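Comments concern the structure below.
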Amino acid sequence: MAERTFKVYRGSGDDGQLESYTIEVDQGMVVLDAIHRIQAEHAPDLAVRWNCKAGKCGSCSCEVNGRPRLTCMTRLSDYEEGESITVTPMKAFPVIKDLVADVSRAYRNNASIPRFRPRPRDAEDGWRMKQFEIERAQEMRKCIECFLCQDVCHVLRSHGKHAEFIGPTYLVRTAGYSLNPIDVEDRSAFLKESGGIGFCNITKCCTEVCPESISITDNAIIPLKERVVDRFYDPVKALVRLVRRR
Amino acid sequence: MEISERHEHDVLVIGAGGAGLRAAIAAIEAGASVGLVGKSLLGKAHTVMAEGGMAAALGNNRPEDNWQVHFRDTMRGGKGLCDWRMARAHAAEAPDRVRELEAWGALFDRAEDGRMNQRPFGGHTYGRLAHVGDRTGLEMIRTLQDHAVHEGADVFMECTVFRLILVDGRVAGALAYWRPTGEFVLFRARTVILATGGLGKAWKVTSNSWECTGDGVALAYGAGAELMGMEFVQFHPTGMVWPPSVRGTLVTEGVRGEGGVLTNGDGERFMFRYVPEMFEGDYAESEEEADRWVEGDRTANRRPPELLTRDVVAKAIVAEVEAGRGSPHGGVFLNISEKRSPEYIKAKLPSMYHQFKELAGVDITTDAMEVGPTTHYAMGGVKVDPETAATCVPGLYAAGEVAAGLHGGNRLGGNSLSDLIVFGQRAGAAAAQEAGDVSFAEIPASELSAAVAGATAPFARDGGRNPFGLQEELQAVMQDKVGIARTERALREALEDVHRLRGALDTCSVRGGRAFNPGWHTWLDLHAMLTVAEAVVLSALERRESRGAHTRIDCPDSDASLGRVNLVIRSSDGRMVTDTEAVSEPPAELRQLIEEGV
Ligand SMILES: Cc1cc2nc3c(=O)[nH]c(=O)nc-3n(C[C@H](O)[C@H](O)[C@H](O)COP(=O)(O)OP(=O)(O)OC[C@H]3O[C@@H](n4cnc5c(N)ncnc54)[C@H](O)[C@@H]3O)c2cc1C
Ligand code: SF4
Ligand code: SF4
Ligand code: FES
């Protein structure tokens, strides 16, 4: 068993600092385990979110050495022995306390997306869809709402366009509805106006950090951008697309 | 200390997992205003972790499947203790509840003909689980969460209820604190639904998250409701066993449903030796027959014995390990790589692939997993009316994992997710209807200030015990003395330990402020965990037999007379007491169905 030192952000709002903690670490431990051990042994009031400890719920997002990560899926062995490990809350969000970020704005963004609206049922017992038709939408619905893409997106992180741009997480959510073959809602006006899809300049940083390996830019954002373009600048194409889907 | 916020709703739903969300939607549909409270962020409740699928006799894969077969499987899986009315409603309504999710945006994996695909699971006669790879719970919770929000549920996230308020014997509301700030909130309501999920966190090795501290069980008990079947805690046969930090993390039954094979340290496929009498003739008798079934020939062949019910498989694994035939880290091997191609495994079990790769450094497309039992699910819980999900406390309902009755002595995989939507819907509708007939009650201020003072007491103490230490001690007690194999002696010791730990609660102190303070939260949660622990131990002592998930090595056989009663727990003069209650007999035609088949 070895000892390791961690630097952890402590404090609320902007009023915080890094504190060092040294603990014993075991084989196979992840960063979240280390935080829990610090909590149990040194700092019972150290705040951190988690639920599943298996990369399924998206609660435990933080920055480890400045990189947005799920702390429950980040193994200590990924860092050289001797290398220090610094854990801080997601930078693009206000801090509530320690490692816990205020993500309430994200939930308001989600509520503003025009809801799923299906075409009439194909048969009494529902709809008929082929597996290949739903794969794109299913890719979007893998999103565990960890906000890591939101955290890394420069439009939000560096430019603070929180009011103007819903961000990659919710573009993925919108795509999850719009790519569903039975959905008939037109969300292009929403995307163009309050969704602010135009702010995205396809840098793909979001795709790189997604723990679910969703091709956020290629499979969610670009198709949505195309729909907006068709709808507002090429109405004939939009009509054809709509008819084809029905 | 003051209550900083007050809210009023016709129906208050405590819990935002599948059951709570579905209840909220049903109550809103019935015209009620609904408050929805959860301890985590919306969409992070335990339901999100469900993997394998949701059982419903849609008959898509096998037209022979119908509610009668599902009913029979559930009743037989429950070892005689299921409430037949709940089992019937569940089997009959699950198909509509599942299809409804599609109308709200869920996208389940498809069969060739474009309908929903259905996967085989333990104890189910036919492939019956609607699923999305191995992330079915995520699909369910996202769908319900977005639907509930758009329908107008008033959502309170990261808010923990720690007291139900009664006025003249009726539930009148709930007292909670905001986790981020530690401020207190009062919810007044005409009716209240508990949908707080499970209680596995009282054990050391568990698939459950920090949330599963049995709060609903304790809240209901504190309000005078009865608990039932608390001795029946399901140990899922396959949790991860290595490395230590992930011990207990679930390995979905879907691995076995897709053809995964269990072998012991000697390389023997041991499940063929463990088929119980009750299921003789229902399972494959040779590896060749099992292989043909996995390859798709399901009419001429029977399913592999790996798909026996969970209690049977978990006990078999324990027996193998105890006989010295375990794997290096004290489990057995689960291997799917020899039955399915890497592409198939990655498509059908993507999160298992990911989980083992990232956390254990094992590639399940080429190598075996090491697995062993993990505390998983509470069959017991709050006793409810089988039709309406009402408890015996006026105005109080319970649905989902927190409620008892449907699963009896052992739950079939996939029957929980369907339970959530069937009984969530029923509870929501019934609570909304009752809310129309009652008014808000005045809550005496003195009661509130006493509750708040009690909840903040440990801040005033210095140098006391650390709540995390106490929690660890309780988890060790439950793991060692109230685990899969129980004895009167160990249970008696556990009871003493629980009483001692209850006393130690009053000596704990909490450092720091009230804002997002996990030490404080754990101290509060421990109250519920200790109530749960006591109820489980008392019931386990009382059931002097082995049945379903409850195994007494000092009483290894089933006792037919105990097979006709449920154990009920209630509070009497401040003490927890057990009582027995006869299981209600199904009508003749259903009895015949259970015994003889469809
Ligand atoms: C890893 C795993 C995989 C599983 N896979 C399957 C599967 O494939 N199929 C299947 O059928 N079942 C499965 N199960 C079981 C199933 O997921 C659960 O039984 C089910 O999700 C419980 O749902 P629920 O709505 O009752 O409670 P939960 O989803 O646990 O939600 C409980 C809610 O109550 C809230 N709450 C609790 N206490 C309080 C309080 N004091 N104040 C306020 N809010 C509170 C919580 O915050 C949460 O929102 C699985 C379980 C696990 C652990
Ligand atoms: S691709 Fe768009 S959404 Fe993604 S990080 Fe870049 S700007 Fe942000
Ligand atoms: S798209 Fe990926 S990175 Fe973004 S919130 Fe979803 S899971 Fe996280
Ligand atoms: S705790 Fe669920 S993703 Fe990390």
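The sequence lines fix the lettering, A, B, ..., with proteins before strands; numbering per chain opens at 1. Just so it is clear, the structure is predicted and the values come from calculations on it, not from any experiment.
Heavy atoms closer than 4.5 Å to chain B are found in the side chain of A:R75, but not in its backbone. Looking at A:D33, only its side chain comes within 4.5 Å of chain B, counting heavy atoms on both sides. The contact between A:V103 and chain B is made entirely by side chain atoms (from C-beta outward), counting heavy-atom distances below 4.5 Å. Looking at B:E211, the atoms closer than 4.5 Å to chain A (heavy atoms on both sides) all sit in the side chain, from C-beta outward. In this structure, the portion of A:K97 lying under 4.5 Å from any heavy atom of chain B is its side chain and not its backbone. Only the side chain of B:L138 comes within contact range of chain A, with heavy atoms under 4.5 Å apart. Both the backbone and the side chain of B:T143 have a heavy atom closer than 4.5 Å to some heavy atom of chain A. Heavy atoms of B:W520 lying under 4.5 Å from chain A are absent altogether. With a threshold of 4.5 angstrom between heavy atoms, B:K39 does not approach chain A through any atom at all. Residue contact with chain B, scored on non-hydrogen atoms closer than 4.5 Å, is absent for A:L32. Contact of B:F356 with chain A is not made at all, since no heavy-atom distance falls under 4.5 Å. The part of B:M157 that comes within reach of chain A is its side chain, from C-beta onward, which places non-hydrogen atoms under 4.5 angstrom from that chain. For B:N117, no part sits under 4.5 Å from any heavy atom of chain A, backbone or side chain. Proximity to chain B involves both the backbone and the side chain of A:D125, based on heavy atoms less than 4.5 angstrom apart.
No other option in A:G126, A:A137, A:S59 has as many heavy-atom pairs under 4.5 Å with chain B as A:S59. Most heavy-atom pairs under 4.5 Å with chain A: of the set B:E100, B:H46, B:Q145, this distinction falls to B:Q145. If you tally non-hydrogen atom pairs under 4.5 Å between each of A:E145, A:E212, A:M73 and chain B, the highest count goes to A:E145. Note on B:G105, B:G513, B:G512, B:P350: by heavy-atom pairs under 4.5 Å with chain A, the leading option is B:G105. If you tally non-hydrogen atom pairs under 4.5 Å between each of B:S40, B:P180, B:A103 and chain A, the highest count goes to B:A103. Taking chain B as the reference chain and counting heavy-atom pairs below 4.5 Å, the highest number among A:R121, A:E135, A:K53, A:Q39 is found for A:Q39. The residue among B:Q355, B:H147, B:R511, B:H354 with the most heavy atom pairs within less than 4.5 Å of chain A is B:R511. Among B:Q471, B:M49, B:R142, B:E102, the residue with the largest count of heavy-atom pairs under 4.5 Å with chain A is B:R142. Heavy-atom pairs under 4.5 Å with chain B peak, among A:P211, A:A47, A:S12, at A:A47. For the set A:R128, A:R141, A:K130, the count of heavy-atom pairs under 4.5 angstrom toward chain B peaks at A:R141. Of the residues considered (A:I144, A:D102, A:V30), A:I144 shows the highest number of contacts with chain B, using heavy-atom pairs under 4.5 Å.
Annotation: ring-ring contact (aromatic ring centres under 6.0 Å, His included) contacts involving residues 100-149 of chain A, sequence neighbours excluded, comprise A:F93-A:F147. The salt bridge (charged side-chain N to carboxylate O under 4.0 Å, His left out) contacts involving residues 144-155 of chain B comprise A:R115-B:E151, A:R173-B:D146, where partners must be two or more places apart or lie in separate chains.
Across A:C62 and A:T71, no two heavy atoms sit closer than the pair CB-CG2, 3.7 Å.
No salt bridge links A:E133 with B:R110; every basic N to acidic carboxylate O contact stays at or beyond 4.0 Å. Under the 4.0 Å criterion applied to side-chain N and carboxylate O atoms, A:D186 and A:R117 are not assigned as salt-bridge partners. Using a cutoff of 4.0 Å between basic side-chain nitrogens and carboxylate oxygens, A:D26 and A:R37 are scored as salt-bridged. A salt bridge links B:E473 with B:R465: the distance from a Lys NZ or Arg NE/NH1/NH2 to an Asp or Glu carboxylate oxygen falls below 4.0 Å.
Around the CD atom of B:E112, the shell of radius 6.0 Å holds no more than 12 heavy atoms that belong to other residues, nucleotides or ligands. A 6.0 Å sphere centred on CD of A:E83 holds more than 12 heavy atoms belonging to other residues, nucleotides or ligands. The local environment of CG in B:D462 is sparse, with at most 12 non-hydrogen atoms from other residues, nucleotides or ligands closer than 6.0 Å.
Counted by atom type alone, A:R187 and A:S178 present one or more donor-acceptor pairs between their side chains at under 3.5 Å.
In this pair, B:H376 and B:H236 present their aromatic rings perpendicular. The plane angle is above 60°, beyond the 30 to 60° band.
Taking the centre of each ring, A:W50 and A:H36 come in below the 6.0 Å mark.
Within the 3.5 Å criterion, the main-chain N or O of B:G239 finds no donor-acceptor partner in the side chain of B:T374.
Looking at heavy atoms from C-beta onward, B:K348 lies in side-chain contact with B:D109 at the 4.5 angstrom threshold.
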